[in-house]
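Have a look at the structure below before the remarks.
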Amino acid sequence: MTPAARSVCYFGYYLYVVGLSLITVPNLFLRSMQLPETNEVWIRIVGVLVVCLGFYYHRSSVYNNVSFLKLTIPARIFAALCFFSFVLLKFAPPTLAGFGAVDLLAAVWTFIAFRK
């Protein structure tokens with residue numbers, strides 16, 4: 001596996017963990033993010049979508065789908081910028097910036113791996 005593929009693979013594992021947490025223990029996850037708890041199904045639906053994204057990241061890295069791997073870089077930067085903006089605009093608590101930081105650092109890791 002190439003270094004770039006490895007970085008995307010690990011990000012896929014991260015998405016699996018986040019998504020499965022949203023599906024199985026959503027309120028624990030929400031509390032840790034300082035967000036209001038919910039008993040509505042929407043949070044579990046978001047978890048399913050995150051697991052699906054994790055699957056795309058993981059499997060594309062295994063197959064070394066270079067086009068997909070490169071497309072993850074701007075997508076993760078966009079997600080990070082959105083999360084940072086939500087915090088700055090006071091739409092979300094500062095803990096969301098941590099998830100943005102993970103996205104941004106992972107995108108930088110993949111970018112650097114491609115440059116080598």
Side-chain angles (χ1 to χ4, degrees):
M1 186 178 291
T2 67
R6 189 172 303 109
S7 72
V8 172
C9 182
Y10 291 149
F11 194 76
Y13 292 147
Y14 162 75
L15 292 175
Y16 284 148
V17 171
V18 171
L20 290 172
S21 297
L22 290 171
I23 293 168
T24 59
V25 287
N27 286 325
L28 177 65
F29 183 87
L30 291 171
R31 270 193 308 273
S32 71
M33 290 292 300
Q34 301 174 347
L35 292 168
E37 295 183 20
T38 185
N39 292 315
E40 296 177 18
V41 72
W42 68 265
I43 193 67
R44 294 176 196 272
I45 293 169
V46 170
V48 169
L49 296 173
V50 172
V51 168
C52 290
L53 284 173
F55 178 78
Y56 292 144
Y57 276 64
H58 174 241
R59 297 312 299 168
S60 292
S61 68
V62 169
Y63 293 120
N64 197 35
N65 182 337
V66 174
S67 296
F68 181 85
L69 301 178
K70 286 182 177 180
L71 287 171
T72 69
I73 297 168
R76 290 182 281 168
I77 292 170
F78 173 74
L81 292 175
C82 287
F83 292 172
F84 296 148
S85 297
F86 295 161
V87 171
L88 290 173
L89 293 169
K90 306 223 186 280
F91 294 161
T95 51
L96 186 62
F99 284 85
V102 170
D103 281 350
L104 184 59
L105 291 172
V108 168
W109 179 16
T110 304
F111 178 78
I112 290 170
F114 270 118
R115 303 273 300 175
K116 289 185 178 181

State the [atom1]-[atom2] distance between [X] and [Y], to the nearest 0.5 angstrom.
| X | Y | atom1 | atom2 | value |
| --- | --- | --- | --- | --- |
| Phe84 | Leu89 | CZ | CG | 13.5 Å |
| Asn39 | Arg44 | CG | CZ | 8.5 Å |
| Phe111 | Ile73 | CZ | CD1 | 7.0 Å |
| Cys82 | Leu96 | SG | CG | 10.0 Å |
| Thr72 | Asn65 | OG1 | CG | 10.5 Å |
| Leu104 | Ile77 | CG | CD1 | 6.5 Å |

Can you name the closest pair of heavy atoms from [X] and [Y] and give their distance?
| X | Y | result |
| --- | --- | --- |
| Met1 | Arg6 | O-NH2, 3.0 Å |
| Gly54 | Tyr16 | C-CE2, 3.6 Å |
| Leu22 | Gly47 | CB-CA, 3.5 Å |
| Ala80 | Gly100 | CB-O, 3.2 Å |

Across all chains, not counting sequence neighbours, the side chain to side chain donor-acceptor pair (under 3.5 Å) partners of Arg59 are Tyr63
Using the side chain to side chain contact (heavy atoms under 4.5 Å, CB included) rule, take Val18 and Phe29 through it: C-alpha gap first, then chi angles, then the decisive distance, then the call. CA-CA 8 Å; Val18 171; Phe29 183 87; 4.0 Å; yes
Are [Y] and [X] connected into the same hydrophobic cluster when the rule is that any two of I, L, V, M, F, W, Y join if their side-chain heavy atoms are below 4.5 Å apart?
| X | Y | result |
| --- | --- | --- |
| Phe99 | Trp42 | yes |
| Val48 | Val17 | no |
| Trp109 | Val66 | yes |
| Ile23 | Tyr13 | yes |
| Val25 | Leu20 | no |

Practice task
Answer yes or no: is there a side-chain heavy-atom contact under 4.5 Å between Val51 and Leu15?
Solution key: no
With the side chain counted from C-beta on, respond yes when Ser61 and Leu69 share a heavy-atom pair under 4.5 Å apart, and no when they do not. yes
*When you check the side-chain N and O atoms of Thr110 and Arg76, is any donor under 3.5 Å from an acceptor?*
yes
Please work out which of the three classes, parallel, tilted or perpendicular, describes the rings of Tyr57 and Phe11, given edges at 30° and 60°.
-> tilted
side-chain contact (heavy atoms from CB on, under 4.5 Å) with Ile43: of Asn27, Leu30, Leu35, only one passes, and it is Leu30
